[in-house]
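The structure under discussion appears below in the form of structure tokens.
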Amino acid sequence: MTLIKKSVSGAILAIGVLFAASFSANAVIIKHDIFADSVGKIGEIEVELLNSALNTGINDSAFDDTISLVSFNLLDLIGADSFDVFNFEAVIDTDFVEAGLEFFALDADDVGFSPADTWSYQLLVDAFDPFSSFIDIFDAFGDVVFFDSISLGQAQLSDLPKPVSAPATLAIFTLAMAALYGRRKTIS
């Protein structure tokens, strides 16, 4: 009988822990399409915002590590395989994550080509000053190959944590307390 009580209380405790852990993700992924005024969509960018930073106001990747670059694609070159990013900055209002990036700056060189064919890319987007948002692409000799004004498409969010309802929280808490009580009774 004691073995059955131990098994049941262990199962209840495990289920309670699983339910509690399943209600939150570690980070929010924010994705934007990047548009150049003259040619349309030229790529996309994904950043990660840690859940611990949600509802803490304006966060800037230059001052903390709650925002990080996940990936970007520019002109069909994939960031992780094709670019050496040497400068990245992003600003997000964590009280209104659904708005996405308020500012980002990115400087990168493409890799995988010979040094003579390496191009450099500079992007800057400011949601509050669209006239200062641009992309510049330079060839290996420092000559401008392409430049244009750019903008971001609507933010696409994934893994945004959902608030847990009061009844669900109460049920999880009750299960955990019952498991602890049952465990205490089996130990005695």
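As a basis for the values below, the full set of heavy atoms in this structure was taken, side chains included, without hydrogen atoms, waters or symmetry mates. Along the sequence shown, the residues carry numbers beginning at 1.
Taking the six-membered ring where the residue is Trp, the centroids of Phe134 and Phe147 are separated by 6.0 Å or more.
Around the CZ atom of Phe86, the shell of radius 6.0 Å holds more than 12 heavy atoms that belong to other residues, nucleotides or ligands.
Not counting sequence neighbours, the partners of Ser132 by the side-chain contact (heavy atoms from CB on, under 4.5 Å) test are Leu124, Asp126, Asp129. Checked against side-chain hydrogen bond (donor to acceptor under 3.5 Å, both in side chains), Asp148 has the following partners two or more places apart in sequence or in another chain: Ser38. Applying the side-chain hydrogen bond (donor to acceptor under 3.5 Å, both in side chains) test to Asp37 and every residue at least two apart in sequence or in another chain returns nothing. With sequence neighbours excluded, the residues that form a side-chain hydrogen bond (donor to acceptor under 3.5 Å, both in side chains) with Thr94 are Thr56.
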- CA sep, side-chain torsions, deciding dist, call: Ile137, Val144, side chain to side chain contact (heavy atoms under 4.5 Å, CB included): CA-CA 6 Å; Ile137 302 175; Val144 176; over 6 Å; no

- Message: Determine whether Asn55 and Val97 satisfy the following criterion, side chain to side chain contact (heavy atoms under 4.5 Å, CB included), listing intermediate values before the conclusion.
- Response: CA-CA 9 Å; Asn55 300 314; Val97 176; over 6 Å; no

- Task: Decide side chain to side chain contact (heavy atoms under 4.5 Å, CB included) for Ile34 and Ile45; before the verdict, give the C-alpha distance in whole Å, the side-chain angles of both, and the deciding distance to 0.1 Å.
- Result: CA-CA 7 Å; Ile34 303 170; Ile45 184 168; 4.2 Å; yes

- Task: Determine, step by step, whether Leu123 and Leu74 satisfy the side chain to side chain contact (heavy atoms under 4.5 Å, CB included) criterion, reporting the C-alpha distance in whole Å, the side-chain angles of both residues, the deciding distance to 0.1 Å, and the verdict.
- Result: CA-CA 10 Å; Leu123 292 87; Leu74 189 62; 4.0 Å; yes

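The two residues Val85 and Phe72 make their nearest non-hydrogen contact at CG2-CE2, 3.4 Å. Taking every heavy atom of both residues into account, Glu48 and Ala27 meet most closely at CG-CB, 3.4 Å. For Gly142 against Phe138, the heavy-atom pair with the smallest separation is O-CD2, 3.6 Å. Taking all atoms of both residues into account, the shortest heavy-atom contact from Phe88 to Val47 is CZ-CG1, 3.6 Å. The minimum heavy-atom distance linking Trp119 with Asp110 is given by the pair N-OD1, 2.8 Å.
A distance of 12.0 Å separates CG in Asn26 from CG in Leu49, rounded to the nearest 0.5 Å. Distance check: Glu98 CD to Asp93 CG gives 10.0 Å after rounding to the nearest 0.5 Å. Interatomic distance, CD of Glu46 versus OG of Ser68, reported as 11.0 Å (0.5 Å rounding).
Looking at Ile67, Thr66, Asp60 one by one, the single match for side-chain contact (heavy atoms from CB on, under 4.5 Å) with Phe63 turns out to be Asp60.
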Show me the donor-acceptor pairs, under 3.5 Å and distance only, between side chains in residues 149-157 and residues at least two apart or in other chains.
none

Side-chain atoms of residues 101-109: list all donor-acceptor pairs with protein atoms under 3.5 Å, sequence neighbours left out, distances to 0.1 Å.
from	atom 1	to	atom 2	distance (Å)
Asp107	OD2	Asn87	ND2	3.0
Asp109	OD1	Ser120	OG	2.6

